[in-house]
Trainee: 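What follows is a structure written as structure tokens; I'll ask about it next.
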Amino acid sequence: MDIYQQKIMDHYKKPRYRGTINNPTHISVENNSLCGDRIEFQLSIKRKKIIQAVWQGEGCVLSLAAADVIAEHIQKIPLNQVSIINEEWLLGELGVKPSPSRLKCVLLPLIALKKALTNN
Amino acid sequence: MKYKIGSALKEDFPIFTQNRDLVFLDNAASCQKPAVVLEAMDKLYRNFYANVHRGSYNIAEIVTSLYEDAREKIARFINAASAREIIFTRNATAALNLAARSLSIDFRAGDIVLLTELEHHASLVPWQEAGHRHNLKLEFIPVTPDGRLDINKARQQIKSKPKVLVMTAMSNVTGTVTEVEELVDLAKKAGAITIIDAAQAVQHKKIDVQEINCDLLAFSSHKLFGPSGLGILWGREELLEKMPPVEYGGHMIKEVNYQTASYASIPDKFEAGTPPIAEVIGLGAAIDFINQISMTTVESYEKELTAYCLEQFTKIPNLKLIGPKDNKNRGAIFSFVIDGLHPHDLATILDSIGIAIRAGHHCVMPLHSKFGIPATARASFTIYNGEEDMQALIFGLNKARQIIS
């Protein structure tokens, strides 16, 4: 079962960045109506830099672990470096090759993040 | 001699003889095909293929006669009064769309369409669309918390004289077998046209359209061990003759000039263009296969299997079954949720050990919303499944729990 490997299960069971922050500057929610999964990103962006990023929501192992991995990598980075957070990067970080139907689970938090960056 | 059923039947299905470890529990979505169906279609393409109803040469005559023989078999299978009442469509969804589009043409604003909360998107959405076009009022027979229809409420609703009653004979989510005969009887007395969605029921229960006494009934070939790409709309001859066609073109006409055309009578009127020829012949072979087993045997076998699965499901800790918990008027379709185990994770882990189930809303979003559950896992059994498939599922559920929690 190569999808449910250590790194993914670790982020799923012990998420580092699950929660909310006071006075976020950017918020977005993304739903997958097929399975009811929901990922919300809250960002605090100041002077073109992500000061803090957290997520909350419900979903499968893949969507929640992916959200946490994304959040971990965008802490305290300048906005111009966020563009490296894309599908290829995420699959590489997670170390999985999900089937087409499960790819949607992985990409849900990525879509939520991109939406958050344009919502303020 | 009693024909084999259950696991022994897997020998007749190439997918299982070639994949001995496959545990296929997604039969509510589509069923596997017995060798006889594949052979009938293969033989057609290799030996006789031509279009139907057109050529006067030998192989065209052979194909046309095989094709019309299949129509006769399908008519007998559901006890239709005549093969003219069997209309071939693309799938059950297309059959239900045809019914909604054609019937609603002369409906008036405010006319009531009575459906049930169990309906899947195929029987619901065509009437939503007809509703928007003709300002119809859609009403729903409610579902009780255990996934059954609220019959007392239905009796009241029918008193408001709906123009049409649309109901499933069996839910693809809860496995509920509905009270079609009782509700059809009441609805017809109130003057309604009755449409039965038998897409799920047809592989599990004997369908007798004269006994149900409905006006229209839809099902698909692929859920009856036949090929995909073919649906059936059965209708009462006098009603079908009155209903206008909704698709136009070759074969459905009587006479055509550059300005206008007159239309053929049934079933041709509703069958524009080249039909799914091999698929019809394949479904004929599937029906021969099922008749050999007999629907009576299917019903009694599946009742036993349902009882066994229900007993097993109730023993699984933290598993919540959506739908009837007793073995009365329900089939072997089990949608469930497990605390702390997302349906997609469960499906992926089961898949890794060769067990196919469905995860999601199974094309019935409103019912999932009503139960407050976005998605479920669904295991659906059919004639070739046995107790060992349920055991494999339990093994898989335990494995998934070990991995995830």
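Order of the sequence lines sets the chain letters (A, B, ...), proteins ahead of strands, with each chain counted from 1.
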Trainee: Is the closest basic N to carboxylate O distance between A:Glu93 and A:Lys7 below 4.0 Å?
Mentor: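 So A:Glu93 pairs with A:Lys7 through a salt bridge.
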Trainee: Is the shortest side-chain N to carboxylate O distance from A:Asp10 to A:Arg16 below 4.0 Å?
Mentor: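 Counted as a salt bridge, because a side-chain N and a carboxylate O are separated by less than 4.0 Å.
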Trainee: Does any heavy atom of chain B fall under 4.5 Å from the side chain of A:Ser33, the backbone, both, or neither of them?
Mentor: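 The answer is both parts of A:Ser33.
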Trainee: To the nearest 0.5 angstrom, please state how far the CD atom of A:Gln42 sits from the CD1 atom of A:Ile27.
Mentor: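 That separation rounds to 4.5 Å.
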Trainee: Parallel, tilted or perpendicular: which describes the rings of B:His121 and B:His361, with under 30° parallel and over 60° perpendicular?
Mentor: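 The rings of B:His121 and B:His361 sit tilted, inter-plane angle from 30° to 60°.
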Trainee: For B:Thr376, is it the side chain, the backbone, both or neither that has a heavy atom under 4.5 Å from a heavy atom of chain A?
Mentor: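 Neither part.
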Trainee: Select one option (side chain, backbone, both, neither) describing which atoms of A:Cys35 are under 4.5 Å from chain B's heavy atoms.
Mentor: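 Both parts, backbone and side chain.
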Trainee: Non-hydrogen atoms of chain B under 4.5 Å away: do they reach the side chain of A:Asp37, the backbone, both or neither?
Mentor: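 Only the side chain of A:Asp37 comes within 4.5 Å of chain B.
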